[in-house]
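Lettering of chains follows the sequences in order, A, B, ..., and the numbering in each one begins at 1.
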Amino acid sequence: MAARFDLLVIGGSAGSLSVVMKIIPLLKPSLNLATVIVFHRKQSDDSALIEVLAGRTDCRVKEADDKDDLLPAHIYVAPADYHVLIEKNKTITLDFSEKINYSRPSIDLSFDSAAEVYGPRLACLLLSGANADGVDGLLSAKRQGAFIMVQNPSTAEVPYMPQQAVEKVSCDLLIDPDNLKEFLAAILE
Amino acid sequence: MFVEGVSLSDENVELILRDLIDLYGYDFTNYSRASIKRRILRLMSNDRFLSFAEFRYRLKNDPEYFKRFVEQITVNVTEMFRDVQFYKTLREVVLPVLATKPIIRIWHAGCSTGEEVYSMAILLAETNLLDKSLLYATDINPAVLEKVRAGIFPLAQMKQYSENYIASGGKKDFSSYYTAQYNAAKFDETLGKKIVLATHNLVSDGSFNEFQLILCRNVMIYFDKPLQDRALRLFYESLEMLGYLALGSKETLKFTDISAMFRQVENREKIWKKVM
Ligand SMILES: C[S@@+](CC[C@H](N)C(=O)[O-])C[C@H]1O[C@@H](n2cnc3c(N)ncnc32)[C@H](O)[C@@H]1O
């Protein structure tokens, strides 16, 4: 069954990888959903990370390249040290401008630019992390009609980031990595 | 868009880009819209414009403000020895070939504030090639070229650059290349003396010399496909046979018009040799 969204953008920092590993097996190709994952991470583990994620899903996992088309059943991972922006024609732009909130890639930028293009056909998910990146982006995405999900801070390894989000944004769903039934139901029609 | 207090529609962006062509002869229409829109918003917010109309009026009627626009809209973020494997490959694969030439001409297109150019000058100095080299450093933004001329970079960055330098195969004490003054590092003047500066716009300007090596890193990611192809053709025409073209770590010649004329270096770093 197809998802009621065209794009899912997941943002995560410290403590988020284990959650992503639980989520992506649920992202079946039949959902017809494109996914962008924006992690804060070190340059060195690029290809290893892609392999690890690819082992967990039937979707095609790749590091996002400049001008990639956003295709259903594909998972694009932001490369270390580049921002990922979404263009009107549903392609990816990599951007090497200043860090935002001490972060490059910036989760804010990806949420925000995706919302401008996808509006209500976008779902955002913000996970565990130690800084406030992502919150402004969620606010803006919410204003543009996107569906907002945040990891329940009480389940997060590093609760600061989701906690900030919960305090400042009216979220549509809090998710618990050990019980993802609601997450899946929310994604589906 | 989450920049506080200002709003900007896609139509507004089109208007601005039109004005720039009509009034100043600068064409940014082939730049990534998502990036450029963000840059404009950021500028409007930093300079505290209250409306789009006010911003547009200022830009149209104040050439000094247009200068500021170019400085702020272009992304000038750069580093010394960024991507250590890349510099290692320059050192081990490319420079030994260039060493056989009587004179070495290198073009840094989109050099920004010059960190990449000084990194190259250091590599050349360490291989005793600097004396017979010329490094042409060009950018669309005249303000950054002043910084290249000065050869002064923030001291706070030196620890990171020194680590990059060593990881890329540098053997010296990195601090021997500069003198610290307050919070600035002034690089040795012998490194700067072979640098030739010029403004050059990859959108509209042509070839101006023949080179053995051209670097254009993290510039073309802001261009759409047709503009990338234009710039790549320009680089092709400006390269000697068997000359090298170096791109940024997320850029490629694959799927471009000129890819058939080039062969990538064996270790898959983003360096290609012109073979046709
Ligand atoms: C992100 S910096 C890259 C600096 C350096 N090459 C590096 O990789 O670290 C991009 C530079 O490209 C310049 N640029 C942008 N558009 C240009 C154009 N049309 N022609 C020439 N330079 C341009 C910008 O002014 C900026 O200095």
Side-chain angles (χ1 to χ4, degrees), chain A residues 43-44 46-47 62-70 76-101 104-118 132-144 146 168-169, chain B residues 1-4 7-11 13-14 30-43 46 72-79 82-86 110 112 116 160 163-164 167 217-229 247-252 254-256 268 270:
Chain A
Q43 192 113 40
S44 43
D46 276 359
S47 60
K62 73 183 296 280
E63 190 167 273
D65 275 314
D66 193 44
K67 303 198 176 25
D68 271 350
D69 287 310
L70 284 166
Y76 305 86
V77 182
D81 224 17
Y82 287 85
H83 298 306
V84 172
L85 303 180
I86 311 300
E87 298 282 346
K88 286 266 150 9
N89 62 0
K90 306 198 170 165
T91 60
I92 286 175
T93 285
L94 298 182
D95 178 305
F96 185 55
S97 51
E98 296 77 3
K99 293 185 179 180
I100 298 183
N101 263 323
R104 190 174 51 225
S106 152
I107 299 169
D108 280 335
L109 275 188
S110 294
F111 280 160
D112 182 40
S113 75
E116 251 190 68
V117 177
Y118 285 85
D133 190 16
V135 177
D136 286 340
L138 284 184
L139 273 172
S140 155
K142 175 85 193 175
R143 247 182 271 129
Q144 303 183 70
K168 299 202 171 114
V169 192
Chain B
M1 193 147 321
F2 62 83
V3 175
E4 213 135 320
S7 69
L8 184 70
S9 69
D10 292 344
E11 293 71 37
V13 175
E14 298 311 312
N30 291 89
Y31 280 55
S32 146
R33 278 307 145 83
S35 288
I36 210 150
K37 186 171 178 186
R38 241 147 255 282
R39 304 298 288 178
I40 296 178
L41 259 176
R42 178 172 167 275
L43 179 62
N46 287 348
Q72 295 293 314
I73 245 54
T74 51
V75 173
N76 301 125
V77 177
T78 182
E79 271 175 37
R82 174 172 150 88
D83 305 323
V84 296
Q85 284 309 321
F86 171 79
S112 190
E116 181 187 279
Q160 175 70 50
E163 285 167 18
N164 291 358
R217 311 188 69 222
N218 301 304
V219 180
M220 288 185 290
I221 49 170
Y222 297 99
F223 297 175
D224 67 8
K225 194 82 176 48
L227 183 54
Q228 283 181 349
D229 281 331
L247 305 181
S249 66
K250 297 305 295 175
E251 297 166 318
T252 181
K254 245 199 278 176
F255 316 121
T256 65
R268 315 304 289 167
K270 297 300 174 78

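Contacts of A/Lys88 with chain B are made by side-chain atoms alone, with heavy-atom separations under 4.5 Å and no backbone atom involved. Looking at A/Leu139, neither its backbone nor its side chain comes within 4.5 Å of chain B, counting heavy atoms on both sides. Heavy atoms of A/Ala64 lying under 4.5 Å from chain B belong exclusively to its backbone. Using a 4.5 Å cut-off between heavy atoms, B/Phe223 touches chain A through its backbone atoms (N, CA, C, O) alone.
Interface summary for chain A: among B/Val77, B/Val75, B/Thr78, the most heavy-atom pairs under 4.5 angstrom belong to B/Val77.
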| Given B/Arg82 and A/Asp81, is the salt bridge (Lys or Arg N to Asp or Glu O under 4.0 Å) satisfied, shown in steps? | CA-CA 11 Å; B/Arg82 174 172 150 88; A/Asp81 224 17; 3.0 Å; yes

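Counted by atom type alone, A/Thr93 and B/Tyr222 present zero donor-acceptor pairs between their side chains at under 3.5 Å.
Rounding to the nearest 0.5 Å gives a distance of 7.0 Å between NZ of A/Lys67 and OG of B/Ser32. Atoms OH and CG, from A/Tyr82 and B/Asn218 in turn, are 3.5 Å apart once rounded to the nearest 0.5 Å.
Comment: B/Arg42 engages A/Glu98 in a salt bridge, judged by a side-chain N to carboxylate O separation of less than 4.0 angstrom. One finds no salt bridge joining B/Arg38 and A/Asp95 here, because no Lys/Arg side-chain nitrogen approaches an Asp/Glu carboxylate oxygen to under 4.0 Å.
The nearest pair of heavy atoms linking A/Ser97 to B/Arg39 is CB-NH1, 3.3 Å. Nearest approach of A/Glu87 to B/Ser35, heavy atoms of both residues: OE2-N, 4.4 Å.
A heavy-atom distance below 4.5 Å is found between the side chains of A/Asp66 and B/Gln228.
In this structure, B/Arg217 is not positioned above the aromatic face of A/Phe96 in the sense of NZ or CZ being under 6.0 Å from the six-membered ring centre and within 45° of the axis.
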